Every structure is written in structure tokens, then in C-alpha cells.
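All values derive from a computational prediction rather than experimental measurement. As a basis for the values below, the full set of heavy atoms in this structure was taken, side chains included, without hydrogen atoms, waters or symmetry mates.
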Amino acid sequence: MLIYVFTYIMCFLVDGVYPFSNKYVRYLFKYWLYIFLCFGYMTGSDWRQYEPLYNSITDKELSRLEYDWAFYYLCYYSRIFISDFWLWIAILKIAYLNSFFSLAKIFTNKVYIFIGFSLEFNLLFMLIDNPLRFMVASTFMIYGICFIIRKRNYLGGSLLLISIFFHFAILVILLLLLSVLLFRKIVYWRNVYLIIIFISFVALGFTGDFLNYLSLGLSSELSVLSSKLYSYLIESNDSFFSIGSLINILMFFIVLYYKRSILDSFPKGEILFYYTLLYFFIFRLVLILPTGFRFVLLLHTFYIASLLVIYLKQNSLFRTLLVAFFCIVISVKISRTYQYIPYSNSIIYIISQEHLPYSYRSNYNLDYNQ
């Protein structure tokens, strides 16, 4: 666990505490982030199914695909050039972390603090637990958004379109992003109305019936999407009473209190605040789904940008307490599941090309956490 806590704390030290803020320390820490986050070995879960797939996928299997086919084509053609699955997956993780750095730089020059606040909800999940297909799709999506923000709309739009073919959930996320065109002006509503909307989403989230109706109501032309959605509708709403849910309720009211500061923080501050609000609204709703939080992972980055605005306006005591609080949250999260502890790294095995047996690796973290 110490390696996770060390990485988290260093994110805040290198962005403002001398001598850690020295440019050479910052460079070294950036390399550390790539080594630590992108070369996990026996950590995570999904690699257990993707490693055999990568090593054995055939053109016949490609012809039977109905959805998310771009990922499987990527596997098939990547293997021509990269035989080592672990080198390939490390390259994909590096691409995702690069995209995340690019997005963070749009919001702030305090990039490492942004990374630190993003570890618990986003980066540890995406790079250590590593839902591979979703991560690859998200890489294209984040780069696409970065290009659109920089007014390179055709390139950005093309990347967003490509991302949909890697994971169907990206389509839902893009629809959520497009909602800003219709509803962005709600950011100027009085706080009492925003609180009422928030409470309404909480109440709606106590039942998953509306999602079942949505799935059943999809037309036959969308049968694949319907079946995919229906497969997600198996989670109870007990998670509404989790620590994470209570934290989000608290943070919603804090963000609302600093609404004016967030709106004034960027030239397009209303878009930032809108997506932050949408994160809080949708987060309450998607807890019904076992992996529904994926739909708000991108929106979470806008929430982090808003949180950073609040953080930088506070005194050192408040900052220290906030950092300590999220440190506790990270520690609790990684201690409750086998995906993170113990940590192992793949670099030495990639270099030596002498990987441990699959069965040993597959059971290592599971056995440790029994």
C-alpha cells in the first residue's frame, strides 16, 4: 500500500513544495508515474481474459464480431508487430496517461495536483485495475476532446467517432457531453433549484426500473445495444449508502458554494461547471449499474478541475486536510480489493522475455488477499 500512498503524496509535493518542485525532481516523478501506473503486472483483473485473447485471436473470430470490433482488430494487427502482450498493454496505458496529461494541461498548470486528485477514481482504476477495452476507447475520446477544445474540430471529431467502435459505453458518454448544448444555462439557476434537481436524481436512483424500461423499449434495430444495456441491470442500490456516495453529497454542496469562483476560473467556466454538476447528478444515478461509474469517469475530470479551483483558493491547513482525507479514501479503496495489492511490475519480465506462468500470475493477487 505504501507505494500508492507515496505516489499520491508526491503529486502534491512536486507541484509547490521545495525542493520537490525542482524541475529535475518533477521530471523524475513524471517518469515514475509512467513506470508505476503503466507497467502493472499481476495487478488488475481484465488482463486474465485479454492475454489469452491477444495470443490466440484469429481472423475467423473477427468475422463473427457484432460490437466493439475495433478493439479486436487492434489486437489482431498489433500482434503482427508486438508479440509480447505485456509490452503491448504498457504502450496502450502510456497512450492513455499521455492523453490524461494533455487534458489536465488544458485546465491548469498544477498538473500533478490534478493527477493526484484523479488517482482514486480514475487513474488507479483505468491503469492498475485496467478495463482494457474501455481504456483504449477513452484514450481516443480524450484526445478527441483535447483537439476540439484546441479548435481542431475535424481531427477531434474523427477520434471521437473512432472511440465508439472500441466500446459502446463511449456513445453514452458523448451524448452526456452533448447535453451541454441544451442545458448549459442551468449553471446560472439559483442554488436552491440545483439542489432540488440533485435530490430528484438521488430519489430516481433508488430504483432501476426506468433503466429496464429503457432497455426493453429499444427498437429491434438496436438489439445489440439493448442486450448490452440489459446485461448491466443487475446491481442493487445498496451502494447509495457507501462512503463514496456520502463524500459526493458533501462535495456537491462545497462545489455549489464556490460556484462563482468556478464560473470565473476559465473563459468557458460555465461549461466546466455544467459538466461538474452533471457528474454529481449522473453519479447518483449510475450507481444502480455494476460498472455504471464508467459513464461518469470523463465527467469526473471536470469535477477535479473544479475541485482544484477550490483547493488553490484555500489556506494551507484546508489543503492539508483535503489531501489527507483523499489519502485515506485511496488507502481504504485499495485495501478492499485484490486488484491493487500486492503491486507488481512487468518491466523486468518484458526486458528478459521470461514471463511467469499464466496460472501463477492469475492467482497471485487472489491468493494474497484470501
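No donor-acceptor distance shorter than 3.5 angstrom exists from the side chain of Lys105 to the backbone of Val111, with no hydrogens or angles considered. Although no hydrogens or angles enter the test, the distance criterion places a donor-acceptor pair under 3.5 Å between the side chain of Arg319 and the main chain of Tyr311. No side-chain donor-acceptor contact under 3.5 Å links Arg184 to the backbone of Tyr274. The backbone N or O of Pro342 lies less than 3.5 Å from a partner atom in the side chain of Asn365, making a donor-acceptor pair. For the pair Ser362 (side chain) and Tyr358 (backbone), a donor-acceptor distance under 3.5 Å is absent.
Phe281 and Phe252 have tilted rings, their planes meeting at an angle from 30° to 60° on a 0 to 90° scale. Aromatic ring orientation, His300 versus Tyr303: perpendicular (interplanar angle above 60°, classes split at 30° and 60°). Classified by interplanar angle (parallel below 30°, tilted 30° to 60°, perpendicular above 60°), the ring pair Tyr360/Tyr364 is tilted.
In this structure, CZ in Phe81 is found 12.5 Å from OG in Ser83, a value given to the nearest 0.5 Å. Rounded to the nearest 0.5 angstrom, Phe100 CZ and Leu37 CG are separated by 10.5 Å.
Considering only heavy atoms from C-beta on, Met10 stays 4.5 Å or farther from Thr7 through its side chain. Between Trp47 and Phe85 the shortest side-chain heavy-atom distance falls below 4.5 Å. Counting only heavy atoms from C-beta outward, the side chains of Phe283 and Ile249 never approach each other to under 4.5 Å. The side-chain heavy atoms of Phe280 and Leu299, taken from C-beta on, include no pair separated by under 4.5 Å. The side-chain heavy atoms of Leu263 and Tyr188, taken from C-beta on, include a pair separated by under 4.5 Å. Annotation: side chain of Tyr343 is in contact with side chain of Ile128 (closest heavy-atom distance under 4.5 Å).
Here the two rings, on Phe302 and Phe107, have centers that are under 6.0 Å apart. Checked against a 6.0 Å centroid threshold, the rings of Trp86 and Tyr349 do not count as neighbours. Taking the six-membered ring where the residue is Trp, the centroids of Phe12 and Tyr112 are separated by 6.0 Å or more. Proximity of the aromatic rings of Tyr154 and Phe147 is defined here by a centroid distance below 6.0 angstrom, and this criterion is not met.
Side-chain contact check for Asp367 and Tyr338: no donor-acceptor pair (N or O, by modelled atom type) lies under 3.5 Å.
Under the salt bridge (Lys or Arg N to Asp or Glu O under 4.0 Å) criterion, Arg26 pairs with Asp15, not counting sequence neighbours. Scanning for salt bridge (Lys or Arg N to Asp or Glu O under 4.0 Å) contacts around Lys151 gives an empty result, with sequence neighbours left out.
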Next item on the list: Give the intermediate values and the outcome of side chain to side chain donor-acceptor pair (under 3.5 Å) for residues Tyr50 and Arg133.
Entry: CA-CA 9 Å; Tyr50 288 123; Arg133 274 191 303 119; 3.1 Å; yes
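Connection of Leu2 to Ile341 is not established within any shared hydrophobic cluster, with ILVMFWY side chains joined at heavy-atom distances below 4.5 Å, either directly or through further cluster members.
Shown here is Arg48, whose CZ atom has more than 12 heavy atoms of other residues, nucleotides or ligands within 6.0 Å. Residue Gln353 places its CD atom among more than 12 non-hydrogen atoms of other residues, nucleotides or ligands, all under 6.0 Å distant.
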